[in-house]
Amino acid sequence: MSISEFFNRKSRAVIAAVTLALGAGAGYVGHETAQSMTQPRVSEFTLQQLPDNTTEAQFISGKLPVNAKYDALQPARVDEFSARIDAMEAQKDAMAWMESYDRPAATVRLTQDAISFVNDLRVAENLSERNYADLVKDYNARVGVDVTTWTGNYTQGINYQQDAQLGVMFGMIFGDEDDKTDAQISREVGDTMLEGAKMNDNAGLAGGAAGLLLGGLLTVPLWRRRNFPKVGK
């Protein structure tokens with residue numbers, strides 16, 4: 001399934017919207033802890049593992065709930081992205097032995113593969129934020145091609161990556177999702193992650209102990225649509 005197919009499925013977006021809107025009563029994410037919440041931690045669970053009665057406190061803690069479901073696809077997804085890193089590392093090593101006139105084309109291919117890797121990773125199902133963080137660390141150590149210019153943020157706000165996925169799904173109900181490419185959808189997740197990191201930093205500078213509630217981060221995609229209307233082609 002492509003990124004667009006996953007994010008454009010109305011049923012997934014509606015489910016995300018309803019559970020988030022109903023909050024603790026629906027048992028997914030609530031606002032019961034308000035200003036006493038600590039900052040979100042990098043999660044040890046995939047979104048598919050969360051039980052129906054997960055609270056916001058559990059979600060933000062990042063710890064795998066005792067009654068979590070088993071995500072059978074998680075190991076395979078980690079292996080899939082690790083294999084892509086292996087392939088890019090092999091490309092990079094091979095470039096060291098190439099003639100100078102062959103390197104420009106090889107560099108372009110490696111950059112394109114890196115862009116695809118980042119775009120796919122940000123919106124991947126069946127990965128925890130810990131998996132995401134480990135894969136980015138491995139990528140940076142073994143490949144190290146900075147593709148931020150083309151992909152936008154993928155390294156900051158990792159502890160908001162799952163929040164960003166839900167926020168984008170929520171926001172797409174009200175937006176122009178059918179016009180978005182896979183890369184644009186992924187970039188919006190990265191932008192929302194970055195917004196989370198900025199809000200986290202600002203709270204720290206202000207001396208506030210309040211955490212960033214998921215409900216607040218949800219509004220980022222909606223805010224972007226409201227403040228940056230689509231320009232006619």
Side-chain angles (χ1 to χ4, degrees), residues 1-21 23 26 28-29 39-52 54 56 58-62 64-65 68-69 71 73-74 77-78 80-81 116-136 151-177 180-200 212-225:
M1 179 184 297
S2 72
I3 297 172
S4 294
E5 287 172 328
F6 169 60
F7 276 94
N8 285 343
R9 283 166 60 189
K10 291 292 185 181
S11 60
R12 291 300 290 270
V14 169
I15 289 171
V18 169
T19 53
L20 292 167
Y28 195 80
V29 180
Q39 294 296 345
R41 302 294 191 268
V42 173
S43 76
E44 304 295 339
F45 49 74
T46 72
L47 291 177
Q48 286 71 26
Q49 288 182 281
L50 293 177
D52 294 338
T54 302
E56 186 175 39
Q58 291 174 316
F59 184 83
I60 289 181
S61 76
L64 184 69
K69 305 169 186 176
D71 189 343
L73 296 179
Q74 184 180 17
R77 294 314 308 274
V78 172
E80 173 192 329
F81 283 102
S116 177
F117 171 84
V118 167
N119 284 336
D120 291 346
L121 181 63
R122 277 187 305 214
V123 296
E125 293 184 87
N126 310 104
L127 291 180
S128 68
E129 290 170 349
R130 174 59 58 199
N131 295 147
Y132 181 100
D134 290 343
L135 287 164
V136 168
T151 66
N153 168 64
Y154 56 95
T155 58
Q156 298 186 61
I158 290 176
N159 53 326
Y160 297 111
Q161 187 253 343
Q162 289 175 338
D163 310 56
Q165 284 186 326
L166 291 175
V168 170
M169 279 194 286
F170 181 84
M172 287 175 71
I173 300 172
F174 308 99
D176 54 347
E177 66 269 26
K180 289 184 179 294
T181 65
D182 291 355
Q184 288 171 327
I185 294 168
S186 178
R187 182 160 190 150
E188 188 164 5
V189 172
D191 289 344
T192 305
M193 290 165 58
L194 183 59
E195 288 296 328
K198 289 178 180 178
M199 295 165 80
N200 190 332
L212 175 65
L213 297 178
L214 174 56
L217 198 62
L218 269 183
T219 63
V220 171
L222 299 177
W223 178 86
R224 288 180 179 278
R225 287 177 174 82

* Structure fact -> Applying side chain to side chain contact (heavy atoms under 4.5 Å, CB included) to Val136 and not counting sequence neighbours gives Leu121, Tyr132, Asn140, Thr155

* Asked: Is there a side-chain contact between Glu129 and Asp163, using heavy atoms and a 4.5 Å cut-off?
  -> yes

* To do: State, with a plain yes or no, whether a side-chain heavy atom of Leu135 is found less than 4.5 Å away from one of Leu127.
  => yes

* Structure fact -> Sequence neighbours excluded, the answer for side chain to side chain contact (heavy atoms under 4.5 Å, CB included) partners of Ser128 is Ser43, Gln74, Arg130, Asn131

* Structure fact -> Note: Tyr154 and Met193 closest approach over all heavy atoms is O-CE, 4.2 Å

* Asked: How far does CZ of Arg77 sit from CD of Glu125, to the nearest 0.5 angstrom?
  -> 7.5 Å

* Asked: Which atoms form the tightest heavy-atom contact between Gly190 and Asn153, and what is the distance?
  -> O-ND2, 3.0 Å

* Asn126: partners by side chain to side chain donor-acceptor pair (under 3.5 Å), with sequence neighbours left out -> Asp71

* Determine the minimum heavy-atom distance between Ser186 and Val123, stating which atoms define it. => CA-CG1, 3.8 Å

* Asked: Heavy-atom distance under 4.5 Å between the side chains of Arg122 and Thr151, does that happen here?
  -> yes

* Asked: Is Glu195 close to Tyr160 at the side-chain level, that is, under 4.5 Å between some pair of heavy atoms?
  -> no

* Asked: Could you state the interatomic distance from CZ (Arg41) to CD1 (Ile158), rounded to the nearest 0.5 Å?
  -> 15.5 Å

* Asked: If you measure from CG on Leu194 to CD on Gln156, what distance do you get to the nearest 0.5 Å?
  -> 5.0 Å

* By salt bridge (charged side-chain N to carboxylate O under 4.0 Å, His left out), which residues pair with Arg187, not counting sequence neighbours? -> none

* Test item: Gln165 and Leu47 side chains (from C-beta on) under 4.5 Å apart, heavy atoms -> yes

* Of the non-hydrogen atoms in Phe45 and Pro65, which two are nearest, and what is the gap between them? -> CD2-CD, 4.0 Å

